[in-house]
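Here's the structure, in structure tokens; my notes come after.
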Amino acid sequence: MSLVEPMPETDAVVVVDSLSVTFPSDEGVAEVVRGVSFSVGKGQRIGLVGESGSGKSLTARAIMQLIPSPGSVSAGEIRIAGNSAALSTANAPQWRGTTVAMITQDPLSSLNPLVRIGVQITEMLRHHLNYTRTQARARAVELLSAVGIPNPPRTLRQFPSVLSGGMRQRVALAIAISCNPSLLIADEPTTALDVTIQAQVLDLLEEMSATHHSAVLLISHDLGVVANFCDEILVMYAGRIVESGPTDQLIEDPQHPYTTALLTSVPSMTEALPERLVSIAGSPPVGGVAVKGCAFAPRCALAQPRCFEDEPALRQLDVSARRVACHAAGNATWPSRFQGPS
Amino acid sequence: MSGWVIRRFLQMILVVFGVVTLAFVFAFLVPANPARMVAGPQASPAAVASIAHQLGLDRSTWSQYWSFLGRLVHGNLGISFVLQGRTVASEILRALPYTAFLAVGGVIWEVIIGIPAGVIAAYKPRSFFDRFATLGALFGLSAPPFWLGLMLIYFLSYRWSIFPLNGVGSPLIWYMILPSFTLGVGGAAFYSRMVRTTILQVLRSPFIEFARLKGMPERTILFRHVVRHALIPVVTMLGMDLGYFLGGVLIIESIFGIPGVGQLAFASISTLDVPMITGTVMVAAIFMVVMSFIVDVAYTFIDPRVRLNRGQ
């Protein structure tokens with residue numbers, strides 16, 4: 001059975017349904033994730049892109065039911081295949097780390113500096129899978145060699161401080177994958193690493209998710225990284241998904257002006273670089289401030305008065321499985337349709 | 001590592017030597033004649049002079065210092081001026097067990113109150129317990145030991161006759177509960193605050209988030225991943241506390257009538273018993289440097305990052 005085949009909705013391993021995350025603020029509550037819905041199919045690789053503060057990391061933490069205090073999930077729910085109850089902190093022991101696992105951005109500090117690497121791997125196997133000490137150790141050696149650690153038995157006895165950032169991220173990946181999760185969330189797994197190491201870690205992520213049949217939710221601010229890695233892309237802006245669709249279609253024919261702008265700002269490897277790298281003018285709304293109309297309108301080249309009044313809903317375009325939240329998308333009569341952002 | 005130990009050992013000897021020399025010098029700077037102190041206020045000048053000669057005080061300070069060092073090298077701390085015929089070493093050895101018992105007891109109280117209180121307060125910030133612990137810590141830090149000791153004696157020993165009133169006896173532990181508690185309260189209060197702050201910091205760190213993402217139960221996270229970090233600063237200070245206490249804790253020893261090193265040192269100062277002064281000071285200094293050495297070594301066991309940096 002090929003994993004590349006698109007899966008029907010019923011085969012989804014994780015369904016995120018109208019998820020909202022709020023934080024208390026001076027003006028009441030700030031809604032930093034607003035009605036995010038998507039599903040991840042078995043073995044699928046989904047990319048979640050957006051700039052800093054767009055709510056992508058919080059979406060990941062909401063799935064893990066670990067929103068940092070004082071934030072909370074204010075609406076929506078997350079369900080996983082084979083579990084009728086929505087994910088919650090109460091039933092976390094049944095799924096966290098086993099069905100859904102996650103690696104975070106900073107490999108230098110995601111391992112405890114005072115605990116031997118061996119313990120940090122085996123504690124998970126022993127807790128979740130009830131391995132004996134010997135079984136867990138043998139499995140840990142396997143996992144470490146699978147992620148390309150040169151001398152696993154020695155590494156098991158060492159402390160994280162002797163490893164480089166790339167090696168530590170490999171260890172973190174080995175830990176996250178150790179219980180064969182159906183979904184692995186990778187939150188900016190390569191951001192803190194050197195470019196050469198980034199590619200290695202991504203290759204490894206691809207290999208590991210394939211051998212363990214895990215779906216991957218890759219979170220990144222780098223559309224280039226996501227486009228190379230994922231079957232499907234979700235673009236987030238100011239706490240909402242503004243466009244989603246299969247990678248090829250989304251790259252070839254972006255429907256949302258924000259996606260278009262993001263694509264324009266990815267430097268090309270084949271054509272000569274422009275004098276200055278293209279950037280999107282302006283800045284996104286500050287964390288969770290309620291905006292009237294479309295949050296991207298102030299930076300959008302296509303914006304019309306209507307865009308500042310009512311917020312476009314995320315709607316299905318008649319073409320295939322693509323969704324977009326833009327008044328202009330698919331609207332042939334929209335003024336200056338193909339101008340692109342200046 | 002072994003090079004470091006040797007360097008460190010020489011350093012320790014140097015520190016103790018310096019401290020003892022200072023104690024010797026200060027004892028001679030006091031504008032009083034030790035021989036007069038021994039002879040008593042009624043004694044004739046001739047009697048004082050004869051005693052001074054007996055004690056070697058009529059020789060030059062240099063020559064006295066020189067023979068003092070000569071004795072010291074052979075491990076001889078000398079003979080008390082005041083307590084006729086008693087060696088300094090035997091007096092200190094007689095007092096030391098009481099002080100050691102008291103010091104270790106004080107440190108135990110610090111640990112068993114301070115660390116759990118800090119951990120619980122950090123896990124439930126702004127809870128009733130946290131506020132209660134804050135108040136308790138404020139009390140523990142500000143209550144003077146002499147007052148606290150007297151209150152404990154008054155209520156627990158005198159009014160309710162639970163504990164012995166004063167002094168030492170058998171079993172010793174029974175006589176040491178109140179004194180060691182009084183000794184440890186301040187430290188316990190301090191540690192509870194320090195542990196609370198450290199843990200609050202550690203709980204925010206990415207590796208704790210990662211441990212939670214791994215689905216580890218909170219209890220494992222606490223004992224395996226959190227408490228170790230909180231212990232790093234505690235171990236340093238506990239070692240220092242123990243070293244300090246072992247040098248004698250005069251106030252506690254006085255209130256509870258414990259014949260420990262603190263009382264011995266105090267008595268020797270008030271009678272200008274020079275060999276006894278230098279002896280007790282030396283013992284205090286040795287405990288201090290030895291404990292700080294042990295702390296440094298212990299550090300390398302709790303924090304692997306320290307071990308790595310030492311080689312460079």
Side-chain angles (χ1 to χ4, degrees), chain A residues 57 60-61 63-69 89 91-117 119-129 157-162 168-169 171-172 175-179 181 184-187 192, chain B residues 1 115 119 121-127 130 195-196 198-236 295-312:
Chain A
S57 286
R61 279 163 180 76
I63 297 175
M64 299 307 290
Q65 302 291 323
L66 283 170
I67 296 283
S69 174
T89 322
N91 60 23
Q94 298 161 30
W95 56 268
R96 193 186 284 154
T98 48
T99 311
V100 190
M102 176 165 162
I103 53 173
T104 52
Q105 179 170 349
D106 189 357
L108 292 180
S109 45
S110 61
L111 298 176
N112 190 334
L114 304 188
V115 178
R116 283 175 208 280
I117 288 165
V119 174
Q120 301 196 53
I121 303 177
T122 55
E123 67 173 357
M124 201 170 164
L125 296 164
R126 300 196 63 188
H127 176 70
H128 290 307
L129 307 178
R157 290 190 307 272
Q158 288 175 323
F159 290 93
S161 44
V162 303
R168 284 190 224 180
Q169 194 61 300
V171 172
I175 292 173
I177 212 85
S178 64
C179 297
L184 173 65
I185 303 173
D187 183 7
Chain B
M1 179 82 183
I115 294 178
V119 171
Y123 263 76
K124 306 265 180 220
R126 289 178 294 280
S127 64
D130 187 22
V195 166
R196 179 183 183 273
T198 319
I199 288 188
L200 281 177
Q201 257 167 27
V202 173
L203 284 177
R204 278 196 298 269
S205 60
F207 58 80
I208 296 301
E209 187 193 32
F210 191 57
R212 292 202 170 120
L213 289 171
K214 283 157 77 176
M216 298 309 295
E218 276 302 317
R219 237 166 58 98
T220 312
I221 294 179
L222 169 66
F223 288 111
R224 185 172 294 156
H225 294 281
V226 177
V227 168
R228 266 179 224 208
H229 288 263
L231 286 185
I232 292 175
V234 170
V235 164
T236 324
V295 164
D296 280 1
V297 173
Y299 233 66
T300 64
F301 284 100
I302 334 174
D303 193 340
R305 292 166 296 187
V306 172
R307 183 166 16 194
L308 290 168
N309 294 337
R310 178 148 294 149
Q312 293 154 12

Compare every heavy atom of [Y] with every heavy atom of [X], then report the nearest pair and how far apart it is.
X: B:Phe210; Y: A:Ala172; result: CZ-O, 3.8 Å
X: B:Leu222; Y: B:Tyr123; result: CD1-CE1, 3.3 Å
X: A:Met64; Y: A:Trp95; result: O-CH2, 3.4 Å

So what's closer than 4.5 Å to chain B heavy atoms on [X]: side chain, backbone, both or neither?
X: A:Met124; answer: both
X: A:Gln158; answer: neither
X: A:Pro113; answer: both
X: A:Ile103; answer: both
X: A:Leu114; answer: both

If I measure from the heavy atoms of chain A, does B:Ile302 come under 4.5 Å with its side chain, its backbone, both, or neither?
backbone

Looking at chain B, which one of [options] has the largest number of heavy-atom pairs inside 4.5 Å, strictly under?
options: A:Ile175, A:Thr98, A:Val119; value: A:Ile175
options: A:Ser109, A:Gly97, A:Cys179; value: A:Ser109
options: A:Arg96, A:His127, A:Glu123; value: A:Glu123

Under the criterion side chain to side chain contact (heavy atoms under 4.5 Å, CB included), which of B:Val119, B:Val227, B:Leu200, B:Leu231 is the partner of B:Val195?
B:Val119

Within a strict 4.5 Å, meaning less than it, do heavy atoms of the A:Asn112 and B:Arg224 side chains meet?
no

Give me each pair satisfying side chain to side chain donor-acceptor pair (under 3.5 Å) with a member in residues 199-209 of chain B, each pair once, sequence neighbours excluded.
A:Arg61-B:Glu209

